[in-house]
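Here is the structure we will look at, set down as structure tokens.
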Amino acid sequence: MSPDKKILRLNNIWLTMLLFSLGVLTMPWWLEPIGAAYPDLLQKFAIFGIFAIGYNILFGLTGYLSFGHATFLGVGSYTAVWSFKLLSMNVLPAIVLSMLFAGFFAFLIGYVSLRRSGIYFSILTLAFAQMSYNLAYSVLTPITNGETGLQLSKQDPRIFDRLFFEAGEGLPSTTLFGLDMNGYQGFYFCAVLLIIAFFISLKIFNSPFGLSLRAIKSNQTRMSYTGYHTRPYLMAAFIISGMYAGLAGGLLAVTDPLAGAERMQWTASGEVVLMTILGGVGTLLGPLLGVGIIKYLENIFSSVNSQTLHEFFAFLPDSIVTLVVNFTGLFVGEGWHLTLGLLFMIIVIFLPGGLMQGFEKIKNRFTDKA
Amino acid sequence: MSDNKTTNLMRRRVLKAGVASAMAVGAPIIFSRNAWAEDFRNNPANSKNVVLGFNVPQTGAYADEGADELRAFKLAVKHLNGEGDGGMMNTMKPHKLKGNGILGKKVTYVTGDTQTKSDAARSSAKRMIEKEGVIMFSGGSSSGVAIAVQGLAQEMGIVFMAGLTHSNDTTGKDKRRYGFRHFFNAKMSGSALGPVLKKEMGTDRSAYHLTADYTWGWTQEESIKETTEGLGWKTVKAVKTPVGAGDFSQYITPILNSGADTLILNHYGKDMINSLTQAVQFGLRDKQVNGKTFEIIVPLYSRLMAQGAGENLKGILGTTNWNWALKDTGSQAFVKSFGQEYGFPPSQAAHTCYVQTLLYANACEMAGTFYPPEVIKQLEGFKFDGMGNGATEYRAEDHQCFKDVLVVRGNQNPTSQFDLLEIVQQVPRAQVEYDAKIFGGELGPYKV
């Protein structure tokens, strides 16, 4: 590669990062018109963004379809809440520990699961995830508080906090050195971490390590014949993506200090697969788009009720309003899963490469004409 | 040379990005300062409307209850706004409701699906609070969820009027200043059931518990055990089952050979329908153990479950908070307006949600403000009547309502598809009262 070319690529990375950061940090403004600009949903966008980016490092690059990534999300959450309970309400130890513990779990599960590939790998991860879920749900109740979920309590030791100040009245909230981590501050904290996570993922995609991972996806056997020992590469990718999930789980606890076992359920693992496929597997931005769509449907579509529909269709003549409301009612409220299902089918059938493939097609059409 | 230029360029870009992000971070803090200038969160002072949030399970094991709760909420909103026949607003006393909304503001509402999951429920509640600006939210049908969102209510400073939640913890160790419960609890179920069980089944029985594995199941098992062991019964075994298990046969088979002669089902909603149906299918009720007929007890009953379980429920004992067959004027008024609206009688879940909404609205009227600490002070220790359970009091120490409890039995000869529960005894309030201190917990501060 000539020096000039390298400079161009570097600049490209910085430009991408600049645009990406701007896009993420201005979300409270450009999401306002579609009713998605409130702290809780913005936080979810950022957090699940991190989760999906991490998942994409494994699934997008190596093609290994893990059905158990929610385990690491759950481990991250539980670790973070325990850190709030035992150590301090400061979020830094919580997220560092979340990542470490999730990484450790990823090592254990990966060590066994990565001995197989393809469908066998998927089933193994699914089995581990279900096992962890059941452990969290009933067997490990003293650690996880079962279905009720792990919550903060006034009686928690919080040894580091107690060294510096007295416990206040009521439950403490999570802080970053005095800055409360709820509402918009919480979102910006997650957003900054999302930008860092995206940057790291960008670097991995463009590194020789990323290239090796892609080689595994295209033909693992050939790669082994050329003398590469593939498992350490897979292991590294698995642990990295596990740590991303742990970070996301930790952040869920940071913005809302509660951890429940349902975070580890197989549906949660399936969700991140859906997000990635919806947006575009192996693309940098695709998973984030998928996150946006699914979280938007889940939070906004599910809250639409017949009252809102009646207001929305008020311009129609009375005779058909009820008909229209009844029909559209199937797709909103508790029927939001139906909308998601339809959308997923349409995308998988017409755009197997996800939404990013759609954008590519549109872009090609325009450049062809020009 | 060229390398130097690049680094310069890069440095400039980084600086630019830094400034831009600093601005982006700063701006919303300036915007939200306006919000803090208000005296409390979601103050409806400058709006014509006041928004209430109804957060109920629309999917999952408790979806039937959730749907009925939502119907009741909508009816309560209608009545508060002066539409319809006014329902219990005509029978409640004392009250200051005027039928023109709350404090002259029209009541509107938003809904959400808790999915019977703590995470989803909190996320949905946060949407209501942060985006839709609700001043109070209600709902329930799972104590796990109720406790999770009650904690959120305290953090956010928004009052939570719990719907159907029966765990002792809701107003026990997990009680909160911003959470209120009209529904009764497991402890009260146990106290009410005790004498009836003694009379009908004697003092020499061996009980086997199947318990839903979360806060409600745990506390109900504990309270019922306390009662039955007080009667002299033995507890053979208590097995925890996951919520929404669907198939309970693996838990029921071991009962057959356990030597137990009584099965206590600490299940609710679809779980109870499934476990009871399977227990009957396995022939438990036809068995003779220790020279006694095998009996099943369902400590927490509801008409919706009775509808689901059908024939299998006949003759089975349990307790409920309220039943539509009650003859007092309050219950009758509510059943009438609910029936006119939807064509069938309300469930106990609907009743408690309707009452909670009216109680909150009335507390605002009495306080003359929406400011939560003042509203809370009005609710604490509030005594009222004419809402279906006789004279009722919101105990100030733990925000638990105290009122009569019904012991019911699955009706042997139902006259209609809704006439499924026969009232065995209306247990007076004095018999189910307990000391607020026994469960521990702290309410926390008024002002957050």
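We use all heavy atoms of the structure for the numbers below, so side chains are in, but hydrogens, waters and symmetry mates are not. Here is how names work: the chains are called A, B, and so on, in the same order as the sequence lines, proteins then strands, and each is numbered from 1.
Proximity to chain A (any heavy atom under 4.5 Å) is restricted, for Arg176(B), to the side chain, taken from C-beta onward. Contacts of Ser124(B) with chain A are absent, with no heavy-atom separation under 4.5 Å from either backbone or side chain. Contact of Gln154(B) with chain A is not made at all, since no heavy-atom distance falls under 4.5 Å. Proximity to chain A (any heavy atom under 4.5 Å) is shown, for Trp216(B), by neither the backbone nor the side chain. When heavy atoms are compared at a cutoff of 4.5 Å, Thr116(B) approaches chain A solely by way of its backbone atoms N, CA, C and O. Looking at Thr141(A), only its side chain comes within 4.5 Å of chain B, counting heavy atoms on both sides. Contacts of Asn145(A) with chain B are made by both backbone and side-chain atoms, with heavy-atom separations under 4.5 Å.
Atom CD of residue Gln43(A) and atom CD of residue Glu130(B) lie 6.5 Å apart, to the nearest 0.5 angstrom. Rounding to the nearest 0.5 Å places CD1 of Ile129(B) at 10.5 Å from CZ of Phe160(B).
A salt bridge is absent between Glu442(B) and Lys175(B); no separation between the charged side-chain nitrogens and carboxylate oxygens falls under 4.0 Å. Ionic pairing of Lys44(A) and Glu298(A) is not present here: no N-O contact between side-chain nitrogen and carboxylate oxygen is shorter than 4.0 angstrom.
Ranked by non-hydrogen atom pairs under 4.5 Å with chain A, the options Ser118(B), Ala63(B), Gly112(B) are led by Ser118(B). Counting heavy-atom pairs closer than 4.5 Å to chain A, the top-ranked of the candidates Ser123(B), Ala120(B), Ala148(B) is Ser123(B). Chosen from Ile300(A), Asp256(A), Asn299(A), the residue pairing most often with chain B at heavy-atom distances under 4.5 Å is Asp256(A). Chosen from Lys126(B), Gln58(B), Lys240(B), the residue pairing most often with chain A at heavy-atom distances under 4.5 Å is Lys126(B).
Thr211(B) pairs in a side chain to side chain donor-acceptor pair (under 3.5 Å) with only one of the listed residues (His267(B), Glu221(B), Gln220(B)), which is Glu221(B).
Aromatic pair Phe199(A)/Trp14(A): centroids less than 6.0 angstrom apart.
Under the 3.5 Å distance criterion, the side-chain polar atoms of Arg41(B) are matched with a main-chain donor or acceptor of Met156(B).
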Stepwise side-chain contact (heavy atoms from CB on, under 4.5 Å) check, Ile158(B) with Phe137(B): CA-CA 7 Å; Ile158(B) 298 288; Phe137(B) 70 110; 3.8 Å; yes

